[in-house]
Amino acid sequence: FPSHDKEAEVIYQPISLTECFPYYGKRDNYILYMGQRIHYKRLEWAMELAIRTNTPLKTYSPGWGEEEYHAMLYAMRDAHPDLIEINGDIGGDEKIYTIQHAKAVVHPVGANGWVEAGGIIVLESLACGTPVIATPNGCLPEYITSNNGFLCGSVDEMVVALSQVRTIHPEDCRNSVLSFDYKIKALQWQRLCERVANGERWNV
């Protein structure tokens, strides 16, 4: 094989833009967390954000994770039942509707050395026109810009971000992920496979 002094292109996680259709109407008064209920995802940050800003938080997630972590989350919910919801997983039209009507999606991953590799819910949220408040972890700085959300390293920074979330336009969120469509990513994979089949190698 011939060697090349370069790296292979990065092909990001795909999403379906036809399923995550944008919403440009009025938002409801809640923030949203969708993801695994494990300590690596740092769901308690989203709960602290809700408490400190008096903004209702809806969470949807499979019931994975350690019992002690779940107990802590339920204790926070029980102390603030008017602000925090803990729900099971969600999908289909109900999921899209819930994303579309949120003020923002909160994705505060990064505890204990976790590195976010895909962040699909972030891409889906942006495709729906919903801004994202996330941590600068893993792939997330490659998704989030000043036009579609906020990267925050603490709950204090998230509080500020939530106060500014109205400055983010749904059109900018949607436009920021147009290149993540399944069809575009499939063509990128096809081209990459063709390059490999033709003998191209990287990092050798």
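Values reported hereafter were calculated over all heavy atoms of this structure, with side chains retained and with hydrogens, waters and symmetry mates removed.
Between F180 and Y12, the angle of the ring planes lies from 30° to 60°, which puts this pair in the tilted group.
No continuous path of ILVMFWY side-chain contacts below 4.5 Å connects M34 to Y23, so the two sit in separate hydrophobic clusters. Note on V105: it does not cluster hydrophobically with I133, by side-chain heavy-atom contacts below 4.5 Å among ILVMFWY residues. Taken together through direct or relayed side-chain contacts under 4.5 Å among Ile, Leu, Val, Met, Phe, Trp and Tyr, I84 and Y60 form parts of separate hydrophobic clusters.
What you find for I184 and L178 is that their closest heavy atoms are CD1-O, 3.5 Å. Scanning both residues, A127 and I15, for their nearest heavy atoms gives CB-CD1, 3.8 Å. Considering all non-hydrogen atoms of both residues, M47 and I86 come closest at CE-CD1, 3.8 Å. In terms of heavy-atom proximity, L126 sits nearest to N148 at CD2-O, 3.5 Å. Between I144 and F150, the closest heavy-atom pair is CG2-N, 3.6 Å. Between A46 and I31, the shortest heavy-atom distance links the atoms O-CD1, 4.2 Å.
Residues I121 and K95 are in side-chain contact: their nearest non-hydrogen atoms beyond the backbone lie under 4.5 Å apart. Residues T130 and C173 are not in side-chain contact: their nearest non-hydrogen atoms beyond the backbone lie 4.5 Å or more apart. V106 has its side chain out of reach of W45: every pair of non-hydrogen atoms, C-beta onward, lies at least 4.5 Å apart. For the pair I99/L32, a side-chain contact is recorded, criterion being any heavy-atom separation below 4.5 Å from C-beta on.
With R42 contributing its side chain and P108 its backbone, the two residues share a donor-acceptor pair below 3.5 Å. Within the 3.5 Å criterion, the main-chain N or O of V10 finds no donor-acceptor partner in the side chain of Q188. In this structure, the side chain of D181 engages the main chain of K183 through a donor-acceptor pair within 3.5 Å. Between the side chain of H107 and the backbone N or O of G35, no donor-acceptor pair lies under 3.5 Å. The main-chain N or O of L83 is never found under 3.5 Å from a side-chain atom of R77 such that the two would form a donor-acceptor pair. No donor-acceptor pair closer than 3.5 Å links the side chain of N87 to the backbone N or O of K58.
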Between M76 and E48, does a side-chain contact (heavy atoms from CB on, under 4.5 Å) hold up when you go through it step by step?
CA-CA 9 Å; M76 294 179 72; E48 290 178 24; 3.9 Å; yes
